[in-house]
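Worksheet for the structure shown next.
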Number of protein chains: 4
Amino acid sequence: MQATQDTKPRWERRKDARPQELLAAALEQFVERGYAATRLEDVAKRAGVSKGTLYLYFANKEELFKAVVRENIVATIGEAEQDAAAFDGPSGELLGALLMKWWNEICSTPLGGIAKLMLAEGNNFPELAEFYNEEVVARGSNLFTRALERGVARGDFRPVDPVVMTQVLIAPVMMLLMWTHSYIPTCDMPPVEPGPFMATFLETTLRGLKADTP
Amino acid sequence: MQATQDTKPRWERRKDARPQELLAAALEQFVERGYAATRLEDVAKRAGVSKGTLYLYFANKEELFKAVVRENIVATIGEAEQDAAAFDGPSGELLGALLMKWWNEICSTPLGGIAKLMLAEGNNFPELAEFYNEEVVARGSNLFTRALERGVARGDFRPVDPVVMTQVLIAPVMMLLMWTHSYIPTCDMPPVEPGPFMATFLETTLRGLKADTP
Amino acid sequence: MQATQDTKPRWERRKDARPQELLAAALEQFVERGYAATRLEDVAKRAGVSKGTLYLYFANKEELFKAVVRENIVATIGEAEQDAAAFDGPSGELLGALLMKWWNEICSTPLGGIAKLMLAEGNNFPELAEFYNEEVVARGSNLFTRALERGVARGDFRPVDPVVMTQVLIAPVMMLLMWTHSYIPTCDMPPVEPGPFMATFLETTLRGLKADTP
Amino acid sequence: MQATQDTKPRWERRKDARPQELLAAALEQFVERGYAATRLEDVAKRAGVSKGTLYLYFANKEELFKAVVRENIVATIGEAEQDAAAFDGPSGELLGALLMKWWNEICSTPLGGIAKLMLAEGNNFPELAEFYNEEVVARGSNLFTRALERGVARGDFRPVDPVVMTQVLIAPVMMLLMWTHSYIPTCDMPPVEPGPFMATFLETTLRGLKADTP
DNA sequence: AATGAATGAGATTTCATTCAT
DNA sequence: GATGAATGAAATCTCATTCAT
């Protein structure tokens with residue numbers, strides 16, 4: 001099992017691994033510096049290759065970025081969709097679970113930096129914005145909207161507009177993400193601590209959503 | 001004519017008048033394109049002057065940006081501090097008033113674009129970030145934290161950590177601001193509408209903050 | 001008259017002259033190296049300016065090239081059109097005059113290098129080819145075709161297809177142009193000498209065109 | 001099977017076979033795109049081998065090009081030299097036959113593209129130009145010059161300078177070749193059609209060459 | 001012999017900043 | 001004070017050539 005069944009010569013295994021290494025380096029660099037400010041040479045240097053090598057695998061900066069998104073984010077959304085469909089219990093719990101999973105598996109990881117970046121630079125790169133909205137934002141929002149509809153239908157929640165409420169729910173987490181990936185940590189501000197923030201937010205919001213008891 | 005009621009020497013009055021136009025143009029351009037992507041040539045064109053003229057009044061791009069912030073945002077915060085100190089009534093109302101004022105007078109105006117920009121690009125320009133935190137973020141947050149402390153002290157609110165709760169309160173408005181100034185409006189997503197968003201958010205949060213009734 | 005009526009300061013006169021200097025440098029460089037092999041840095045160096053300066057006057061390499069063509073060639077064609085319209089005499093003379101003028105004023109000058117370049121590289125730059133055909137080739141060919149039609153109509157020439165004959169007439173001059181602007185002069189081949197070539201060609205062709213005498 | 005009727009050692013036979021495919025691919029690519037614009041990767045792809053393989057057979061791009069010329073053009077010239085020596089008849093016919101053969105067997109085939117390319121890019125690649133002139137241009141021109149000398153000596157042609165007249169004869173065919181392999185066919189110009197062009201050219205030129213009848 | 005991943009010099013283009021007028 | 005022409009460093013992308021396997 002641990003003995004190598006891999007019969008390929010080393011350099012060929014290297015070739016297979018190369019795109020992953022480049023994508024990892026690109027993710028780090030994009031998150032650290034943003035899209036426009038990321039120089040492909042730095043991505044290359046981080047991956048330990050030359051500028052030219054990047055172009056063997058990705059046609060240009062834009063395609064590199066899209067590949068990072070596809071590789072890292074799109075996949076995760078599918079899982080969450082299945083989790084939500086399978087859930088059976090009070091809607092407050094479903095909502096809390098979705099939000100925590102979203103936070104823990106995407107927002108708090110380097111991937112969160114991608115979301116920040118899109119919000120920050122989407123205006124200047126319309127094609128990327130469109131791509132990101134279709135592949136990520138639209139599908140992600142849906143998850144929460146459906147959970148809210150379920151909650152209202154079951155009487156778990158007071159009646160709210162599920163689309164607007166989705167935005168209200170998403171906003172604090174997105175903002176926590178923005179702060180986490182922004183200059184804030186390096187400043188003398190009282191730092192935003194994800195644990196207490198999420199707890200306070202959830203407690204407050206789920207209380208605020210609860211159906212009025214007569 | 002040459003007698004001056006204005007105590008400033010003449011060249012300084014001139015120096016006072018011209019920068020206003022430059023700052024207005026710079027604000028618009030920074031909001032539209034972000035800090036890094038703003039070309040000084042476009043700022044100059046918008047102000048109807050030459051590129052060189054900008055350098056007569058501002059040492060470089062960074063100083064121009066700082067001047068924009070000082071000119072537009074710092075002043076407004078003082079007012080709000082006074083309003084809050086003078087308020088006498090239920091803390092829920094105070095909080096709601098502060099949040100709405102913040103939204104209406106800053107976030108929803110072009111100035112909101114500056115906040116977005118700092119969040120988005122602060123990492124790449126640490127000196128700007130530090131400046132902005134000291135002059136804007138720190139003083140602004142304080143307002144909300146004190147209102148929360150007042151509410152808890154008066155028994156208007158259930159006991160919460162006022163610093164964390166400040167972050168939870170600020171987050172959705174900041175996020176609304178991000179969305180308002182981002183690519184979202186141009187996409188096929190259901191648009192985020194400030195009115196319903198703020199209403200839903202306030203209703204939900206103030207309910208969630210209310211002291212438990214025995 | 002020779003005292004300067006020009007009231008502009010020197011640098012401003014320089015500004016007006018600048019585009020001309022750049023176009024002259026570009027013409028030389030394009031002719032010497034071809035379109036693709038011309039580096040804008042070399043054009044700049046030849047004009048004694050920096051790379052960036054070129055972009056103050058021409059949006060990119062393609063526009064620079066088009067400007068060279070417009071500035072130098074398009075104008076000359078208009079003149080020839082008027083000359084031809086005004087001509088009154090035997091068609092053989094008209095044809096000879098047109099061919100000699102074409103050779104003397106365009107083909108044998110650096111401008112001939114542009115024609116060579118288009119023939120050589122047009123395939124790789126379709127937009128340039130289209131531009132050049134519309135502005136130069138189409139209008140130029142017309143001149144000869146009309147002169148041939150006139151000659152046949154007047155009985156100066158035996159009946160020939162004027163379009164095909166235009167091509168046959170143009171071909172040797174074009175080829176002389178190609179040779180003149182090609183590597184040939186630097187080789188140990190017997191050089192092609194324009195004077196005898198044109199004389200021999202005209203003599204032969206005009207004899208061949210003459211209407212049969214009964 | 002292993003007994004060889006072929007006297008060459010085995011590795012040399014192999015080395016003989018493979019290059020043919022590479023040369024064919026290189027010819028096509030050079031003709032299609034020119035020398036400088038031809039990427040060795042495309043040549044390799046066309047030949048169905050890897051880029052590295054090219055370097056096993058040809059030291060570099062330049063040697064590859066020379067091999068293409070040797071392989072395809074140099075051989076053909078020898079044949080024509082023999083045909084001309086054996087010809088017995090009126091010099092007009094000989095000249096016509098040589099020109100038509102040249103057109104049909106070289107110029108109108110892909111090989112014509114090589115001639116175009118040399119004329120177009122020779123300036124930028126002096127070593128190639130020298131090589132091409134020695135191997136191709138000099139020997140080719142000779143054929144026509146000798147036929148003209150023969151015609152003048154026999155009284156078939158009026159007295160002309162055979163070297164200059166060679167250039168005048170060659171020029172239209174070369175030009176037809178240039179047009180055939182240039183952007184012209186793709187333009188809205190009246191296309192140059194080889195059949196009528198050659199007929200018109202030959203008719204006109206042979207008439208123009210004919211000795212004056214007393 | 002054959003591969004194809006990797007390299008790095010070099011080309012076009014952009015833009016904050018300077019400075020002669 | 002005001003101008004805007006000029007600069008040159010830096011970013012993206014290309015491709016002939018090399019070399020480990």
Side-chain angles (χ1 to χ4, degrees), chain A residues 8-19 36-44 47-64, chain B residues 10-11 14-15 18 36-45 48-62 64, chain C residues 8-16 18-19 36-44 47-64, chain D residues 10-11 14-15 17-18 36-45 48-62 64:
Chain A
K8 292 179 185 173
R10 223 181 324 149
W11 66 265
E12 203 166 333
R13 269 182 282 131
R14 186 74 185 276
K15 178 202 162 188
D16 288 350
R18 192 37 55 87
T38 284
R39 299 183 305 130
L40 292 197
E41 182 151 24
D42 292 338
V43 174
V49 301
S50 75
K51 244 183 318 177
T53 300
L54 272 178
Y55 286 88
L56 294 178
Y57 296 94
F58 306 99
N60 50 42
K61 198 180 182 180
E62 186 174 324
E63 288 305 318
L64 174 61
Chain B
R10 227 181 320 154
W11 64 266
R14 180 65 187 266
K15 219 179 166 185
R18 173 56 58 98
T38 283
R39 300 185 302 134
L40 292 196
E41 179 149 27
D42 292 338
V43 174
K45 201 169 293 171
V49 302
S50 75
K51 231 189 315 185
T53 302
L54 277 177
Y55 283 86
L56 293 178
Y57 294 97
F58 307 99
N60 51 39
K61 200 181 182 180
E62 187 173 321
L64 173 61
Chain C
K8 291 178 184 172
R10 224 179 325 148
W11 66 265
E12 204 167 331
R13 268 180 284 132
R14 185 74 185 273
K15 180 203 162 186
D16 288 349
R18 193 37 54 86
T38 284
R39 300 183 303 130
L40 292 196
E41 182 151 25
D42 292 339
V43 174
V49 302
S50 76
K51 246 182 317 178
T53 301
L54 273 178
Y55 285 88
L56 294 178
Y57 296 94
F58 307 99
N60 51 40
K61 198 179 182 180
E62 187 174 323
E63 289 304 319
L64 174 61
Chain D
R10 229 180 318 155
W11 66 265
R14 180 64 188 268
K15 217 178 168 188
R18 172 55 60 99
T38 283
R39 301 184 303 133
L40 291 196
E41 179 149 27
D42 292 338
V43 173
K45 201 169 292 171
V49 303
S50 74
K51 231 189 317 185
T53 301
L54 277 177
Y55 282 86
L56 293 178
Y57 293 97
F58 308 98
N60 51 39
K61 200 181 183 181
E62 187 173 322
L64 173 61

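Numbers restart at 1 for each chain; the letters A, B, ... are given by sequence-line order, proteins then strands.
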4.5 Å side-chain heavy-atom contact, Val49(C) and Arg18(C): yes

Gap between atoms CG and P, on Leu54(B) and dC15(E) respectively (whole Å): 15 Å

Rounded distance [0.5 Å steps], CG in Leu64(A) versus CD in Glu62(A): 10.5 Å

Contact under 4.0 Å: Tyr57(D) side-chain N or O vs dA2(E) OP1/OP2: yes

For the student: nearest non-hydrogen atoms of Lys61(B) and Ala36(B), plus distance: NZ-O, 3.1 Å

Between dT17(F) (P) and Phe58(D) (CZ): distance, integer Å: 14 Å

Sugar-phosphate, base or nothing in reach of Lys61(D), heavy atoms under 4.0 Å: sugar-phosphate

Tyr55(A): side-chain contact (heavy atoms from CB on, under 4.5 Å) partners, not counting sequence neighbours: Leu40(A)

Nearest listed nucleotide, side chain of Ser50(B), among dT17(F), dA6(E), dG4(F): dG4(F)

Heavy-atom pair of closest approach, residues Phe58(A) and Pro19(A): CZ-O, 4.4 Å

Tyr55(C) side-chain N/O to dT13(E) phosphate OP1/OP2 under 4.0 Å: yes

Residue Lys51(B), side-chain heavy atoms: nucleotide from dG1(F), dA2(E), dT17(E) that is nearest: dT17(E)

Whole-Å distance separating the CG atom of Leu40(D) from the P atom of dA6(E): 20 Å

Nucleotide-level pairing of DNA chain E, given in dot-bracket where Watson-Crick and G-U pairs need both distances under 3.5 Å and | marks other strands: .||||||||||||||||||||

Between dG4(F) (C1') and Lys45(B) (NZ): distance, integer Å: 12 Å

Salt bridge (charged side-chain N to carboxylate O under 4.0 Å, His left out) partners of Glu41(C), counting only residues at least two apart: none

Residue-phosphate contact under 4.0 Å: Thr53(C) side-chain N/O, dA5(F) OP1/OP2: no

Upstream residue (5' side of DNA chain E) when Ala37(B) and Arg39(C) are each assigned their closest nucleotide: Arg39(C)

Sugar-phosphate, base or nothing in reach of Leu56(A), heavy atoms under 4.0 Å: base

Atom pair distance, as rounded to whole Å: CD in Glu62(A) and C1' in dA11(F): 16 Å

Listed nucleotide nearest any side-chain atom of Arg18(A), set dA6(E), dC13(F), dT12(E): dA6(E)

Gap between atoms CD and P, on Glu41(D) and dG4(E) respectively (whole Å): 11 Å

Gap between atoms CG and P, on Asn60(D) and dT17(F) respectively (whole Å): 5 Å

Set of side-chain hydrogen bond (donor to acceptor under 3.5 Å, both in side chains) partners for Thr38(C), sequence neighbours left out: none

Interatomic distance where CG belongs to Asp42(D) and C1' belongs to dA16(F) [whole Å]: 13 Å

